[in-house]
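Reading through the structure tokens given below for one structure.
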Amino acid sequence: MRTKVVRHTLRGAGLVCAAALALTACSSNSSSDAGSGGGAVSASALDAALNKGGTITVWAWEPTLKKVVTDFEAKYPKVHVNLVNAGTGDKQYTALQNAVQAGRGAPDVAQIEYYALGQFALGKSLQDLSKYGASSLSKQYSPGPWNSVSLDGGVYALPMDSGPMALFYNKKVFDKYKLKVPTTWDEYVSDAQKLHAANPKAYITNDAGDAGFTTSMIWQAGGHPYTVNGTKVSVDFGDAGSKKFAGTWQKLLSDKLVAPITSWSDQWYKGLGDGTIATLAIGAWMPANLSSGVPSASGDWRVAPLPQWQKGQTASSENGGSSLAVMKSSTKQDLAYGFLKFANAGAGVQDRIKGGAFPATVADLNSRTFLNTPFPYFGGQKANRVFSESAKNAVTGWQYLPFQVYANSIFNDTVGKAYVSKTTLSSGLKSWQDASVKYGSEQGFATGK
């Protein structure tokens, strides 16, 4: 499940600490001896710690964790979990980094979105969970989420959920204008042309410029614009995948075939409801948002695999999703990891699925119950089958920058110009590249194209 998060530029010491001091941890307690120590922790030692008990603080905004906490405390009655909503996304990250820098006030566990995880891991704010044998859990998760939590040979979080992409389309609109569900992005452009010609008020989709959407599309196209090896970082939006996306999407922008409407706005919800926005290429967490935000369109919408950049392929990518991480400064790391494992690899997974979260666990993605769940909103379609296949087909090897939070915050100042001026997407991506490289260099990273 995804919560609407408005991205803001992070200025000030918190962000600088995360990036500039990547080589020397910001926390006053940067030793790997925090909590249980740097050595391996056996399963029996972990159980002993959970049975002994104590109190841990978890910062998270995801609502299904309330049920997880209740069940965790029932299983381990001597452990108390203080669940705190310190804000969503960037608001929490600012508070978290400020606490890390101050050396006090940080939680034991924090919810961190995949795109932001590298910033905290490289900043030495997170505990490498390898000492708990977390790497042995790799096969339990779909490739996209697991790749996101595995950084530089360590495991810095456990996946909470995932956002495999799919094409949500308004079947009522497609039937009315005799459009075929596109299997390639070229067909998608063709549908966009036919739809807008038949009804100038209708658009194939909306797009006012979004960093997460752009990187997910480039990811699906096989692009690898970001290469990260420790503090060595390169950014290259001139790669083949980036060019595929920019070339195709530019056709839609140049011919004014996408609605210039910001996602999550009132106008956006209206367009999804009245059929003037006909599709969304977005993560599998979207069904709950459609059913709650656009109830009038129930029965009109369906789900299909993402169109492909090359006919016959099945490539996909991720869009959104979060993890739970243990803070390096925690003095109760055993209890913290015990909660992570329960929430993201144990009984807590079912609590979250029942609450509407989309799983990152392979067993649940493949279960008959999950795959055969009908969605009344989608006319009874068993949409999880589409989402599950998408999760399996996420292109491997994608990386985010260790300062992706900042990079995303300047998207509208660079790539965003292509949506409001004669600047092309290719030119905007080059500007984004240059600005990201410049910032990374200023923060002490070895950067380049």
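Nothing here was measured: the structure is a model prediction, and the numbers come from that model.
- Side-chain atoms of Asp128 never come within 3.5 Å of backbone atoms of Gly154 as a donor-acceptor pair (strictly under, hydrogens ignored).
- Put simply, the side chain of Ser291 gets close to the backbone of Ala288: a donor and an acceptor are under 3.5 Å apart.
- Donor-acceptor pairing under 3.5 Å is recorded for the side chains of Gln350 and Asp364.
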Report task. Apply salt bridge (charged side-chain N to carboxylate O under 4.0 Å, His left out) to Lys430 and Asp434, showing your working. Result -> CA-CA 6 Å; Lys430 179 61 165 61; Asp434 293 344; 2.9 Å; yes
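- Side-chain contact of Trp185 with Gln220: a donor-acceptor pair under 3.5 Å is present, judged by distance alone.
- Formation of a donor-acceptor pair under 3.5 Å by the Thr215 side chain with backbone atoms of Ala211 is found in this model.
- Put simply, the side chain of Asn82 never gets that close to the backbone of Ile56: no donor and acceptor are under 3.5 Å apart.
- Note: Phe237 and Trp432 meet the aromatic proximity criterion, with ring centroids under 6.0 Å apart.
- Remark: side-chain polar atoms of Gln250 are paired, donor with acceptor, to backbone N or O of Leu425 under 3.5 angstrom.
- Tyr406 pairs in a ring pair (Phe, Tyr, Trp, His ring centres under 6.0 Å) with only one of the listed residues (Tyr400, Tyr439, Tyr115), which is Tyr439.
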Report task. Give the C-alpha distance, both sets of side-chain angles, the deciding distance and a yes or no for side-chain hydrogen bond (donor to acceptor under 3.5 Å, both in side chains) between Arg385 and Asn372. Result -> CA-CA 8 Å; Arg385 295 184 178 186; Asn372 291 328; 2.4 Å; yes
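- Using a 4.0 Å cut-off between a side-chain N of Lys or Arg and a carboxylate O of Asp or Glu, Glu442 and Lys438 qualify as a salt bridge.
- Classification of Asp71 and Lys67 as a salt-bridged pair holds, one side-chain N sitting under 4.0 Å from a carboxylate O.
- Using a 4.0 Å cut-off between charged nitrogen and carboxylate oxygen, Asp274 and Lys270 count as a salt-bridge pair.
- Between Trp249 and Tyr419, the distance separating the two ring centers is not shorter than 6.0 angstrom.
- Of the N and O atoms on the side chains of Asn366 and Lys392, at least one donor lies less than 3.5 Å from an acceptor on the other residue.
- Between the side chain of Thr64 and the main chain of Gly355, no donor-acceptor pair closer than 3.5 Å is present.
- Under the 3.5 Å distance criterion, with hydrogens and angles disregarded, a donor-acceptor pair is assigned to the side chains of Ser150 and Trp146.
- Put simply, the side chain of Tyr93 gets close to the backbone of Glu113: a donor and an acceptor are under 3.5 Å apart.
- Remark: side-chain polar atoms of Asp161 are not paired, donor with acceptor, to backbone N or O of Phe358 under 3.5 angstrom.
- A centroid separation of less than 6.0 Å is found between the aromatic rings of Phe445 and Phe403.
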Requested in this report: Begin from the C-alpha positions of Val109 and Trp59 and carry the test side chain to side chain contact (heavy atoms under 4.5 Å, CB included) through to its verdict.
Outcome: CA-CA 6 Å; Val109 175; Trp59 281 10; over 6 Å; no
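- Side-chain contact of Ser390 with Asn393: a donor-acceptor pair under 3.5 Å is absent, judged by distance alone.
- Inspection of the Thr88 and Gln92 side chains reveals no N or O donor paired with an N or O acceptor under 3.5 Å.
- Judged by distance alone, with hydrogens and angles left aside, the side-chain atoms of Ser322 form no donor-acceptor pair with the main-chain N or O of Ile112 at under 3.5 Å.
- Although no hydrogens or angles enter the test, the distance criterion places no donor-acceptor pair under 3.5 Å between the side chain of Ser330 and the main chain of Val326.
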Report task. Show your working on side chain to side chain contact (heavy atoms under 4.5 Å, CB included) between Lys194 and Tyr177 and close with a plain yes or no. Result -> CA-CA 8 Å; Lys194 293 174 183 176; Tyr177 295 105; over 6 Å; no
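- Side-chain atoms of Tyr188 and Thr279 form a donor-acceptor pair, as typed in the model, at a separation below 3.5 Å.
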